[in-house]
Every structure is written in structure tokens, then in C-alpha cells.
Protein chains: 2
Amino acid sequence: MSKKPDLPQPSATDPFADFLCFSVYSTGLAFNRLYKPLLDRYGLTYLQYLALIALALRGEQTVSELGESLFLESSTVTPLIKRLEAAGTVTRRRDTRDERVVRVSLTDRGKAILEEARCVPLEVMEATGTPPEQLQLLNEQLKALRAKLVTKSD
Amino acid sequence: MSKKPDLPQPSATDPFADFLCFSVYSTGLAFNRLYKPLLDRYGLTYLQYLALIALALRGEQTVSELGESLFLESSTVTPLIKRLEAAGTVTRRRDTRDERVVRVSLTDRGKAILEEARCVPLEVMEATGTPPEQLQLLNEQLKALRAKLVTKSD
DNA sequence: ATCATTTAAATCGCATACGAGTTAATCGTG
DNA sequence: CACGATTAACTCGTATGCGATTTAAATGAT
């Protein structure tokens with residue numbers, strides 16, 4: 001009677017694993033844990049590292065723009081960049097045209113640290129033991145999903 | 001001359017977007033933001049909600065086991081479950097056999113709240129506007145990636 | 001020009017997150 | 001059974017994260 005065979009039902013024994021939001025969440029934690037000891041050597045946290053990368057690749061940005069780059073609110077970005085400033089890796093300076101905006105840019109020291117840490121993401125990607133094209137595909141899927149989620153939360 | 005055409009090179013103009021770890025990170029933030037207002041009605045944070053789900057689907061767990069379920073350290077789980085206990089959604093009780101371990105379980109109130117919030121994940125999944133089978137595929141890829149990352153960070 | 005509105009950044013309170021270290025209970029080996 | 005080693009949970013300090021509010025500056029409508 002065409003009864004359904006036992007297809008490789010991914011997690012029949014553990015329905016908790018089937019929450020996509022949880023997989024995204026916990027994979028993020030796993031990335032964080034893998035990066036942490038590698039970045040410790042440069043005195044950077046995971047988020048601080050991402051912020052420096054964003055500044056390196058996109059250039060000087062206002063606090064708001066950096067928030068958009070990192071998908072963070074200004075209430076998170078402000079203390080973040082203050083710590084980076086204290087560490088001497090970025091500069092904050094008020095726009096003379098519009099005193100409300102603060103422009104953030106990498107210092108030479110920030111650039112130098114990024115240069116030293118150049119190999120870190122490669123190490124992490126190799127640690128995944130997954131072919132690059134597959135990682136790239138996953139990245140594209142996640143970006144598409146993120147785009148949908150962002151529009152739904154305004 | 002079979003010159004490569006302009007294939008849809010995903011992010012030729014924005015290399016920052018090509019960090020898989022960042023896509024995972026920011027998609028997690030996007031999920032959190034989408035869930036937050038929906039869970040507010042039940043007095044739950046995103047993590048508290050995930051913890052209740054884990055307890056509902058896997059049953060009573062020790063603090064360590066719940067940490068493994070959620071991929072969290074005990075230093076995160078302990079305050080989390082204390083807040084849930086204060087809210088009356090879980091109980092903490094010392095194992096009589098081994099006074100070191102604390103067993104966590106859902107209260108009736110916790111179960112009732114989960115029941116009320118039953119529709120939330122569906123709402124979120126619908127908000128993605130993505131076919132379920134595609135979400136399922138993405139979930140499997142992420143779980144595989146997470147497994148690799150976890151083994152590398154011990 | 002004045003004053004309500006808007007806007008950018010910062011501030012505040014709360015809840016994650018983790019590593020390092022602590023405490024208390026159990027285990028293991030003699 | 002004694003006692004060092006291990007283990008489970010907890011505590012503490014630091015760094016995210018966000019929503020709500022605040023502050024200060026720029027805008028805009030009359």
C-alpha cells in the first residue's frame with residue numbers, strides 16, 4: 001500500500017534538534033568558542049575582531065553605519081568602539097559638519113593587528129573540514145534567510 | 001576563447017559578507033530580534049524559551065545535561081535556570097543520591113506557557129518565506145558544521 | 001527666526017555568554 | 001578508611017546584546 005519507508009528522517013529521536021533558529025544560535029556559539037582562543041593572542045574578542053574586519057573592508061563608518069554592517073544597535077556599538085579606542089585600534093571623531101555623528105576608523109595599530117591575525121579565519125575554515133564551495137553555499141543561504149528575517153523585524 | 005563570463009559572484013563588492021562565521025552570527029541576531037517581541041507576551045527571553053523547549057522535549061535534565069542540550073557552560077545555565085525558577089516555570093532539586101547534581105524539570109506552569117506559545121516557531125518560520133524543506137536542509141548543514149566546530153574546540 | 005520634530009549617539013537596566021576560580025560532594029587508590 | 005583527585009554546580013569579572021530613554025544637534029514648518 002505504498003507505505004512510507006524509513007527515509008533518513010533527520011532527527012526523529014530528537015525533535016529539539018529540528019529548530020533551525022537553535023541550530024543557527026548554537027553554531028554561532030561554536031564559532032565564537034573556536035575563535036576565542038585564537039583571537040586572545042591579539043587581545044581581541046570575537047565581536048571586536050568582526051568590527052575591525054568591517055572597518056578594514058568597508059572603510060571609515062559612522063556609529064550607525066557600523067551598526068548596520070554588524071547588524072547591531074547603537075547601544076551595542078558605542079561601548080564596543082570605546083573599548084577598541086581604549087585599546088588603540090580605532091579612532092572616534094566627531095563630524096565637524098554634523099556634530100551628532102561620530103566617525104570610526106582603523107588606526108595603524110588596528111591595521112597591523114588585523115594583518116597579524118590574517119591567518120585566523122583560514123584556520124577556522126580548515127577546522128570545519130568542509131569544502132570551501134559548500135561553505136560558500138551555506139553562507140549564501142544564510143544571507144538570504146537573514147535578509148528575510150530582517151525585513152520582518154523592521 | 002572561453003573567457004569566464006560574469007557569473008553571479010556572490011559578493012564581489014562586499015568581501016565582508018563572505019565571512020561564514022559572520023553570517024551565522026548575524027542570522028542568530030536576526031532570529032533573536034524576531035522572536036523577542038513574540039516571546040515578550042509570555043514573559044520569556046529567547047534563551048529562556050529555548051531552555052523550556054529543551055526540557056519539554058528531552059525531559060528532566062541536570063544542569064550539565066541542559067548545558068549540553070543548549071551548548072552552554074554551567075556558568076551560563078545556572079543563572080538562567082534560577083531566573084526560570086523564580087518565574088515558576090522550572091524546578092531545581094538536588095539529587096539525593098549525589099548531592100552535587102541539580103535536576104531541572106518543567107513545572108505545570110512551564111508546560112502551560114509552552115502550550116500557549118506553541119504557534120510562535122511556526123509564525124517565525126512562515127516569516128522567513130522559505131519552503132520548509134529548504135529550511136530543513138539548511139538546518140542539517142548547520143548541525144553538521146556545528147559538530148565539526150565543537151570537536152575542534154574540545 | 002522660533003520652536004516642535006527628528007535624528008545620532010550615548011546611557012541605563014537586564015539578560016546572556018564565557019573562562020577562571022571556588023565550594024562541596026564523590027571517587028579512587030592504597 | 002584515609003586522602004588526594006575528580007566532579008558538579010556555583011561565583012565572579014568582563015564583554016556582549018537589546019529596548020527604552022536621554023542628550024544634544026540639525027531640520028522644518030510657519
Side-chain angles (χ1 to χ4, degrees), chain A residues 22 25-40 43-51 61-68 70-87 89 92-104 150 153-154, chain B residues 22 25-41 43-52 61-68 70-87 89 92-104 150 153-154:
Chain A
F22 176 67
Y25 165 78
S26 52
T27 303
L29 293 181
F31 263 123
N32 199 325
R33 276 204 270 272
L34 195 52
Y35 267 104
K36 187 166 295 199
L38 301 176
L39 294 174
D40 258 354
L44 291 175
T45 66
Y46 184 51
L47 178 60
Q48 287 168 2
Y49 173 69
L50 290 174
Q61 292 166 75
T62 69
V63 170
S64 299
E65 288 166 350
L66 188 53
E68 286 164 21
L70 298 169
F71 292 86
L72 293 172
E73 303 297 320
S74 74
S75 53
T76 303
V77 174
T78 293
L80 167 66
I81 60 177
K82 283 188 174 178
R83 275 187 283 269
L84 287 173
E85 186 188 36
T89 50
R92 290 162 65 241
R93 74 172 205 288
R94 290 271 166 192
D95 188 311
T96 48
R97 304 272 198 163
D98 186 340
E99 292 278 341
R100 291 174 303 177
V101 325
V102 168
R103 302 198 172 275
V104 186
V150 166
S153 63
D154 295 350
Chain B
F22 175 67
Y25 166 77
S26 51
T27 303
L29 293 182
F31 263 123
N32 199 325
R33 276 203 270 271
L34 195 52
Y35 266 104
K36 186 166 297 200
L38 302 177
L39 293 174
D40 257 355
R41 291 176 278 179
L44 291 174
T45 66
Y46 184 50
L47 178 60
Q48 288 167 2
Y49 174 69
L50 290 175
L52 294 189
Q61 292 167 74
T62 68
V63 169
S64 299
E65 288 166 350
L66 189 54
E68 286 165 20
L70 298 169
F71 291 87
L72 293 172
E73 303 297 320
S74 72
S75 53
T76 302
V77 174
T78 292
L80 167 65
I81 59 176
K82 283 188 174 180
R83 275 187 282 270
L84 287 173
E85 186 189 35
T89 50
R92 290 162 65 243
R93 66 173 211 291
R94 290 272 165 192
D95 188 312
T96 48
R97 305 268 200 165
D98 186 341
E99 291 279 339
R100 291 174 303 179
V101 325
V102 168
R103 302 197 172 277
V104 186
V150 167
S153 64
D154 293 351

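Proteins get letters first, then strands, A, B, ... in listed order; numbering begins at 1 in each.
Between Leu84(A) and Val104(A), every side-chain heavy-atom pair lies at or beyond the 4.5 Å cut-off.
Atom C1' of nucleotide dA17(C) and atom CZ of Phe31(A) are separated by 18 Å, given to the nearest angstrom. dA15(D) atom P lies 14 Å from atom NZ of Lys82(A), rounded to whole Å. The CG atom of Asp40(A) sits 12 Å away from the C1' atom of dT14(D) (whole-angstrom rounding). The CG-P distance, from Leu66(B) to dC10(D), rounds to 11 Å in whole Å. Rounded to whole angstrom, the span from the OH atom of Tyr46(A) across to the C1' atom of dA15(D) amounts to 15 Å. Spacing between atom CG of Leu29(A) and atom C1' of dT16(C) amounts to 10 Å, rounded to whole angstrom units. In this structure, Lys36(A) atom NZ and dT16(C) atom C1' are separated by 12 Å, rounded to whole Å. Atom-to-atom, CG of Leu80(A) to P of dG17(D) comes out at 9 Å; the value is rounded to the nearest Å.
Each of dA9(D), dT16(D), dA10(C) was ranked by its minimum atom distance to the side chain of Leu47(A); first place goes to dT16(D). The side chain of Val101(A) approaches dA8(C) more closely than any other nucleotide in the set dA10(C), dC10(D), dA8(C). Here the nucleotide nearest the side chain of Arg94(B), chosen from dT11(C), dA9(D), dA9(C), is dA9(D). For Tyr25(B), taking side-chain heavy atoms from C-beta onward, the closest of the listed nucleotides dT11(D), dA15(D), dG17(D) is dG17(D). Residue Arg83(A) has its side chain nearest to dT16(D) when only dT16(D), dA9(D), dA20(C) are considered.
Ion pairing between Asp95(A) and Arg97(A) fails under the 4.0 Å rule for side-chain N and carboxylate O.
Taken from OH in Tyr49(B) to OH in Tyr46(B), the straight-line distance is 9.5 Å, to the nearest 0.5 Å. Distance CG/Leu52(B) to CG/Leu44(B): 5.5 Å, rounded to 0.5 Å.
Partners of Glu73(A) by side-chain hydrogen bond (donor to acceptor under 3.5 Å, both in side chains), not counting sequence neighbours: none found.
Taking for each of Ser64(A) and Asn32(A) the nucleotide of DNA chain C with the nearest heavy atom, the 5'-most of the two is the partner of Ser64(A). Comparing Thr78(B) and Thr45(A) by the nucleotide of DNA chain D that holds the closest heavy atom to each, the one mapping nearer the 5' end is Thr78(B).
Distance alone, capped at 3.5 Å, places no donor-acceptor pair between the Arg93(A) side chain and the Val102(A) backbone.
Counting any heavy atom pair closer than 4.0 Å across all strands shown, Arg92(B) reaches sugar-phosphate atoms only and no base atom.
Evaluated for a side chain to side chain contact (heavy atoms under 4.5 Å, CB included) with Val63(B), the options Leu72(B), Leu80(B), Ile81(B) yield exactly one hit, Ile81(B).
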Sub-3.5 Å pairs of nitrogen or oxygen atoms, protein against nucleotides 22-25 of chain C:
none

